[in-house]
Amino acid sequence: MKAIIDLIARHKAGEPCGLVSVCSAHPLVIEATFRHALRSGAPFALIEATSNQVNQDGGYTGMTPARFRDFVHGIADRVGLARDRVLLGGDHLGPNAWQGLSADEAMARADVLIADYVGAGFRKIHLDCSMSCAGDPVPLSDEIVARRAARLCAVAERAHARAGGEPPVYVVGTEVPVPGGAAEELETLAVTTPAAARATIDTHRALFAEADLADAWPRVIALVVQPGVEFDHRKVVEYVPDKARALSRMIEGYDHLIFEAHSTDYQTRSSLAALVKDHFAILKVGPGLTFALREALWALDAIEREWIEPGLVSGFRNTAIARMKADPRYWAKYYHARGAALDYDLQYSLSDRIRYYWPDPEIARAQDRMFRNLAHNPPPGALISQYLPLAHAAVRNGLIGARPSELAIAHVWSVLDDYHAAVSPVKGAS
């Protein structure tokens with residue numbers, strides 16, 4: 001992780017630079033990320049998996065850490081991005097996926113999770129033990145959270161000793177609301193106080209020392225806090241630098257620490273740049289990218305219906321909505337509307353819970369058919385311009401071809417451009 005440590009050193013020296021962490025398991029989003037890195041000249045691309053997406057039981061992707069690594073590397077090989085420019089991270093690693101179990105059982109599973117991630121080559125590790133397990137107090141004290149994080153750090157260090165390679169870097173702390181966007185409509189959003197952030201750092205440092213992890217502490221690179229950015233189903237809370245000013249200044253007293261900002265999805269380019277300038281220099285993005293992908297897929301569905309003979313169209317969009325309604329497990333706790341309002345949330349909610357459904361076999365078959373239809377009978381530029389004007393411009397400028405997957409990737413690039421401009425302010429996006 002020398003590349004990340006060097007970048008943070010540049011930031012701490014006064015350069016307003018940062019890094020983007022793409023938290024997605026969708027192959028087109030990952031391909032878009034790697035092709036964007038090639039196009040922009042970024043030194044590396046950081047892909048992170050969450051403990052719910054990827055774990056020893058498969059997670060909702062069905063992939064273990066080793067399988068996810070191979071999946072990501074396969075995409076990198078296909079697009080021509082050298083593997084040494086691909087960095088892998090694990091997000092919210094801890095007992096999160098097993099909160100219904102006792103703390104002892106959940107932490108035992110978290111031990112395996114951490115060992116598997118590090119053993120598979122993941123080297124940016126977010127140690128998050130903030131969630132209460134069965135029988136735990138709510139919320140947990142800083143001491144309990146830090147003690148559990150130290151335990152997992154020790155597991156990671158032992159796994160690295162067996163696996164070799166670069167030593168892991170660590171992120172501690174968590175944000176409020178929970179990862180992935182607020183589950184309910186936001187009324188208020190409190191910025192983490194400097195005192196609370198300082199207490200999190202100091203407690204973790206003390207518990208790491210108690211666990212004989214003094215050598216690992218300098219590799220704790222970032223603290224997750226709430227800088228005042230979030231999104232719920234229908235609105236975005238924009239970053240307001242004045243509200244986070246005291247928090248921003250606090251981290252300047254720590255020589256190797258910056259902040260990691262979660263839920264930065266849907267922030268404007270100027271807000272992203274302001275976050276980086278204020279030391280929230282690791283920008284996590286996930287649903288914002290799959291939301292852009294869904295926009296592109298819906299646009300391709302519209303193009304297909306206008307261009308392809310009616311008897312041959314895939315019905316992709318209708319298939320996706322029908323499958324979501326038939327299997328509500330990924331959205332029933334979050335969307336409570338009915339009728340047309342429910343149809344809206346299923347498709348357009350900023351929390352983008354449709355992203356859990358893209359691997360569904362029926363949806364995947366319909367997408368494949370749509371892509372084949374549009375590949376075998378390419379639509380005219382006017383239709384592409386009508387529904388995907390940014391992708392049309394990329395085609396006209398010779399950045400991509402007009403295959404359906406490339407049109408979708410170019411649309412995702414429009415989000416990645418904002419992030420690249422924010423973390424690389426001098427060079428900007430190409």
Student: Flag yes if more than 12 heavy atoms outside Arg249 fall under 6.0 Å of its CZ atom; otherwise flag no.
Tutor: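 Open: at most 12 neighbouring heavy atoms sit under 6.0 Å from CZ of Arg249.
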Student: If only side-chain N and O atoms count, and only distance matters, is there a donor-acceptor pair under 3.5 Å linking Ser130 with Asp128?
Tutor: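 A pair is found: one side chain offers a donor N or O, the other an acceptor, under 3.5 Å apart.
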Student: Look only at the side chain of Asp301 and the backbone of Arg317, and say whether a donor-acceptor pair between them is shorter than 3.5 Å.
Tutor: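 The answer is yes, because a donor-acceptor pair under 3.5 Å joins these two groups.
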Student: Taking the side chain as everything from C-beta on, heavy atoms only, tell me whether Glu48 gets closer than 4.5 Å to Val22.
Tutor: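 The answer is no, as the side chains (C-beta and beyond) never meet within the 4.5 Å cut-off.
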Student: Would you say the side chains of Asp116 and Gln56 form a donor-acceptor pair under 3.5 Å?
Tutor: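 There is no such pair between these side chains.
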Student: How many angstroms lie between atom OH of Tyr357 and atom CH2 of Trp331, to the nearest 0.5 angstrom?
Tutor: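 Tyr357 atom OH to Trp331 atom CH2 measures 7.0 Å (nearest 0.5 Å).
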Student: Between Cys153 and Glu157, is there a side-chain heavy-atom distance shorter than 4.5 Å?
Tutor: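 Glu157 reaches Cys153 side chain to side chain.
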Student: Would His262 and His126 count as a close aromatic pair, with their ring centres under 6.0 Å?
Tutor: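 Between His262 and His126, the centre distance is under 6.0 Å.
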Student: Do side-chain atoms of Arg403 reach the backbone of Ala375 as a donor and acceptor pair under 3.5 angstrom?
Tutor: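 Not at all, since once roles are kept as given, no pair shorter than 3.5 Å links the two residues.
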Student: Do Arg396 and His392 have side chains that approach each other closer than 4.5 Å (heavy atoms only, starting at C-beta)?
Tutor: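 Yes, their side chains come closer than 4.5 Å.
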Student: Answer yes or no: is there a side-chain heavy-atom contact under 4.5 Å between Ile4 and Lys124?
Tutor: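 With C-beta onward as the side chain, the pair touches.
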Student: Is the closest side-chain heavy-atom distance between Tyr60 and Arg329 below 4.5 Å?
Tutor: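 Sidechains of Arg329 and Tyr60: no contact.
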Student: Using a strict threshold of under 4.0 Å (side-chain N to carboxylate O), is an ion pair present between Arg10 and Glu15?
Tutor: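 Looking at Glu15 and Arg10, the cut-off is met.
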Student: Would you please say whether a donor-acceptor pair under 3.5 Å links the side chains of Ser349 and Tyr344?
Tutor: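 No, no side-chain donor-acceptor contact under 3.5 Å.
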Student: Please say whether more than 12 non-hydrogen atoms of neighbouring residues, nucleotides or ligands are located less than 6.0 Å from NZ in Lys12.
Tutor: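 Correct, the count exceeds 12.
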Student: With Phe291 as reference, evaluate Tyr348, Tyr266, Trp298 under the ring-ring contact (aromatic ring centres under 6.0 Å, His included) test and give the passing residue.
Tutor: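 That would be Tyr266.
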Student: May I ask you to decide if Leu374's main-chain N or O and Trp307's side chain share a donor-acceptor pair within less than 3.5 Å?
Tutor: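 Absent.
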Student: Give a yes or no on whether the backbone of His92 and the side-chain of Ser51 come within a donor-acceptor separation of less than 3.5 Å.
Tutor: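 Pair found, side chain donor or acceptor close to backbone of His92.
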Student: Using the side chain to side chain donor-acceptor pair (under 3.5 Å) definition, which of the options His233, Arg234, Arg353, His336 pairs with Asp345?
Tutor: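 Only match with Asp345 under side chain to side chain donor-acceptor pair (under 3.5 Å): Arg234.
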Student: Between the main-chain N or O of Ala410 and the side-chain N or O of Ser414, is there a donor-acceptor pair closer than 3.5 Å?
Tutor: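 No: the side chain of Ser414 does not pair with the backbone of Ala410.
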Student: Say whether, by atom type as modelled, one donor and one acceptor occur between the side chain of Arg123 and the main chain of Glu166 under 3.5 angstrom.
Tutor: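 Indeed, once roles are kept as given, a pair shorter than 3.5 Å links the two residues.
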Student: Between the side chains of Gln267 and Tyr419, does any donor sit under 3.5 Å from an acceptor?
Tutor: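 Gln267 vs Tyr419: no donor-acceptor pair found between side chains.
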Student: Do you see a donor-acceptor pair shorter than 3.5 Å between the side chains of Asp91 and Thr50?
Tutor: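 Short answer, no.
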Student: Determine yes or no for a side-chain-to-main-chain donor-acceptor pair under 3.5 angstrom, with Asn377 supplying the side chain and Asn373 the backbone.
Tutor: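 Answer holds: no.
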Student: Do the side chains of Ile384 and Tyr387 get nearer than 4.5 Å, heavy atoms only?
Tutor: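 The answer is no, as the side chains (C-beta and beyond) never meet within the 4.5 Å cut-off.
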Student: For the residue pair Val220 and Val171, establish whether any side-chain heavy-atom pair is separated by less than 4.5 Å.
Tutor: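 No, too far: nothing below the 4.5 Å cut-off.
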Student: Heavy-atom distance under 4.5 Å between the side chains of Arg355 and Tyr330, does that happen here?
Tutor: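 In short, these two side chains do not touch, never coming nearer than 4.5 Å.
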